[in-house]
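Keep in mind the model is a prediction, meaning the values are calculated, not measured. All residue numbers in this chain count up from 1 along the given sequence.
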Amino acid sequence: MTSLEFLMPLALFATVATMTPGPNNLMLMASGANFGLRATLPHMAGVSVGFPVMLMAVGLGLGTVFERYPLLHDLLRWAGTAYLLWFAWRVATAAGTGRAEGRGRPLSFLEAAGFQWVNPKAWMMAISAFAVYSVGDAASPVTQSLVFGAVFAAIAAPSVTVWAAFGSAIGRLLGSGRTLRAFNLAMASLLAASVALLFV
């Protein structure tokens with residue numbers, strides 16, 4: 001496989017991986033429903049930039065550090081668990097667009113970008129991408145990392161937009177009553193349930 005032949009399979013993998021449900025997409029949908037699409041833009045940008053940066057770091061050797069020191073993996077898992085449970089609580093107590101009365105706010109760019117480093121699905125995607133789609137000596141690690149980052153960045157932008165816009169549409173449909181609170185509880189429950197995957 002040449003250095004260019006892996007691009008199409010990698011792009012297909014990136015599309016499936018970024019579009020399927022996971023912590024990022026559930027959080028974006030919940031944010032869109034409760035705060036609207038415009039207010040969720042920093043969260044969307046944080047995911048779109050933060051994951052490719054983390055992916056490139058894995059390609060440049062960070063992944064081997066976690067293989068060499070398993071304790072770091074355990075610490076990452078517990079940090080991810082704490083963060084997801086905290087965010088699930090935020091979603092469960094959100095009041096909806098324009099009705100939060102200061103009790104909640106969407107994630108900032110830095111918060112969303114930082115979350116990628118404790119997001120279990122993001123680590124699985126990054127390590128799997130390089131394990132399956134790297135081309136060995138056909139390209140330098142730096143070149144491959146840049147290409148992988150560019151591919152995922154290009155695909156992440158429309159993916160996060162779809163999930164946040166879907167959430168925003170749901171928020172407008174549900175309004176501010178019991179139905180929105182039920183939706184928030186459902187999203188919070190899904191996020192909390194995803195924590196169980198960290199220990200399977």
Response to the item:
Closest heavy-atom pair, Ala11 versus Ile155, reported as atoms and distance to 0.1 Å, is O-CD1, 3.3 Å
Practice prompt. Please indicate whether Phe130 has more than 12 foreign heavy atoms, meaning atoms of other residues, nucleotides or ligands, lying under 6.0 Å from its CZ.
Written response: yes
Fill in: Closest heavy-atom pair and its distance - Ala39, Pro106
O-CG, 3.3 Å
Discussion item. Is there a path of hydrophobic side-chain contacts, each under 4.5 Å between heavy atoms of I/L/V/M/F/W/Y residues, joining Leu85 to Phe87?
Written reply: yes
Practice prompt. Carefully, step by step, assess Gln116 and Trp123 under the rule side-chain contact (heavy atoms from CB on, under 4.5 Å).
Written response: CA-CA 8 Å; Gln116 306 317 303; Trp123 279 99; over 6 Å; no
Discussion item. How close do Leu55 and Ala126 get, counting heavy atoms only, and between which atoms?
Written reply: CD1-CA, 3.5 Å
Practice prompt. Give the intermediate values and the outcome of side-chain contact (heavy atoms from CB on, under 4.5 Å) for residues Leu28 and Thr40.
Written response: CA-CA 7 Å; Leu28 285 163; Thr40 304; 4.1 Å; yes
Item to complete: Please confirm whether the backbone N or O of Ser108 pairs with a side-chain atom of Glu111, one donor and one acceptor, at under 3.5 Å?
Response: yes
Item to complete: Let me see the working for Phe152 and Leu10 under side-chain contact (heavy atoms from CB on, under 4.5 Å), right down to the final yes or no.
Response: CA-CA 9 Å; Phe152 271 87; Leu10 176 64; 4.0 Å; yes
Worksheet entry | Tyr133-Leu12 co-clustered via ILVMFWY side chain contacts under 4.5 Å | no
Discussion item. Tell me whether Ser168 contacts the main-chain N or O of Ala164 through its side chain, where contact means a donor paired with an acceptor under 3.5 Å.
Written reply: no
Worksheet, complete the sentence: Residues Ala122 and Phe51: closest non-hydrogen pair is O-CE1, 3.3 Å
Discussion item. I'd like to check Val160 versus Asn24 (side-chain heavy atoms, cut-off strictly below 4.5 Å). Are they in contact?
Written reply: no
Worksheet item: Is Leu26 reachable from Trp89 through a run of hydrophobic residues whose side-chain heavy atoms are each under 4.5 Å from the next?
Response: no
Discussion item. Taking Leu174's backbone N and O only, do any of them form a donor-acceptor pair with Thr179's side chain (distance below 3.5 Å, no angle check)?
Written reply: yes
Fill in: Rounded distance (nearest 0.5 Å) linking atom CZ of Phe183 with atom CG of Leu173
10.5 Å
Practice prompt. Looking only at non-hydrogen atoms, find the nearest pair between Trp117 and Ala57 and report the distance.
Written response: CH2-CB, 3.8 Å
Worksheet item: To the nearest 0.5 Å, how far apart are CZ in Arg105 and NE2 in His43?
Response: 11.0 Å
Worksheet item: So how far is it from Ile170 CD1 to Met29 CE, rounded to the nearest 0.5 Å?
Response: 5.5 Å
Fill in: CG-CZ distance between Leu37 and Arg172, expressed to the nearest 0.5 angstrom
8.0 Å
Practice prompt. Can you see which heavy atom on Ala92 is nearest to which on Ala188, and at what distance?
Written response: CB-CB, 3.7 Å
Worksheet item: Phe13 and Met8: side-chain contact (heavy atoms from CB on, under 4.5 Å), yes or no, with the steps?
Response: CA-CA 9 Å; Phe13 170 77; Met8 187 61 71; over 6 Å; no
Worksheet item: Do side-chain atoms of Ser48 reach the backbone of Met44 as a donor and acceptor pair under 3.5 angstrom?
Response: yes
Worksheet, complete the sentence: side-chain contact (heavy atoms from CB on, under 4.5 Å) with Ser159: of Val47, Thr20, Thr18, Thr15, only one passes, and it is Thr18
Fill in: Gap separating the CG atom of Leu84 from the CG atom of Asn119, nearest 0.5 angstrom
7.0 Å
Discussion item. Between Trp163 (side chain only) and Met19 (backbone N and O only), is there a donor and an acceptor less than 3.5 Å apart?
Written reply: yes
Fill in: Shared hydrophobic cluster, Val16 / Met124 (ILVMFWY, side-chain heavy atoms < 4.5 Å)
no
Worksheet entry | Cluster overlap Leu185 with Leu190, hydrophobic side-chain contacts below 4.5 Å | no
